[in-house]
Amino acid sequence: MKMIMAIIKPFKLDDVREALAELGVTGITVTEVKGFGRQKGHTELYRGAEYVVDFLPKIKVEIAVADDQCDRAVESIMQAANTNKIGDGKIFVYQLDRVVRIRTGELDGDAL
């Protein structure tokens, strides 16, 4: 089992959600986050004063998938979140050792 965490632009969330639903991904966790990568933020003008916005709003999407779904899910996220502009985000994939469904006690693949 794998955990996929993607940091994407906020306006791409619906596209990513739809792409994952087409793959049959049944659960998704979404968090509003702020951060920066290579783009290092940008400057804005507010009431005549210029200031630097270091942390940009992003969306963190987390999904747990079976090993055989991982590559397709990553590819779907890449295609759905891509704008070909700086700041499109990143995808992190890591191993899940155990998953437990709280209500039923089901384990691992059955709990997904």
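The basis for the numbers below is simple: all heavy atoms, side chains too, and nothing from hydrogens, waters or symmetry mates. Position 1 is the first residue of the sequence, and the numbers go up from there. Note that the structure is a prediction, hence the values are computed from the model and not measured.
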Applying a strict under-4.5 Å side-chain criterion to I, L, V, M, F, W and Y, I'd like to know whether [X] and [Y] cluster together.
X: Val65; Y: Val30; value: yes
X: Ile4; Y: Ile28; value: yes
X: Leu23; Y: Val61; value: yes
X: Val93; Y: Val16; value: yes
X: Met3; Y: Ile91; value: no

Distance from [X] atom [atom1] to [Y] atom [atom2], nearest 0.5 Å?
X: Leu20; Y: Ile77; atom1: CG; atom2: CD1; result: 5.0 Å
X: Ile8; Y: Lys58; atom1: CD1; atom2: NZ; result: 9.5 Å
X: Phe92; Y: Met5; atom1: CZ; atom2: CE; result: 5.0 Å
X: Ile59; Y: Lys12; atom1: CD1; atom2: NZ; result: 13.5 Å
X: Ser76; Y: Asp15; atom1: OG; atom2: CG; result: 12.0 Å
X: Lys60; Y: Lys34; atom1: NZ; atom2: NZ; result: 15.5 Å

Subject >> Pairing residues for Glu75 by the side-chain hydrogen bond (donor to acceptor under 3.5 Å, both in side chains) criterion, not counting sequence neighbours >> reply: Gln79

Original post:
Are any side-chain N or O atoms of Lys2 and backbone N or O atoms of Asp71, one a donor and one an acceptor, separated by less than 3.5 Å?
Top reply: no

Original post:
Is the backbone of Asn82 close enough, under 3.5 Å, to the side chain of Asp88 for a donor and an acceptor to pair up by distance?
Top reply: no

Which pairs would a plain distance check flag for residues 104-112, meaning a side-chain donor or acceptor within less than 3.5 Å of a matching protein atom at least two apart in sequence or in another chain?
unit_1, atom_1, unit_2, atom_2, d
Thr104, OG1, Glu106, N, 3.3
Thr104, OG1, Glu106, OE1, 2.9
Glu106, OE1, Arg101, NE, 2.8
Asp108, OD1, Val99, N, 3.2

**OP:** Check whether more than 12 heavy atoms from other residues, nucleotides or ligands sit under 6.0 Å from atom CE of Met78, and answer yes or no.
**Re:** no

**OP:** Assess whether atom CD of Gln95 is packed by more than 12 heavy atoms of other residues, nucleotides or ligands within 6.0 Å.
**Re:** yes

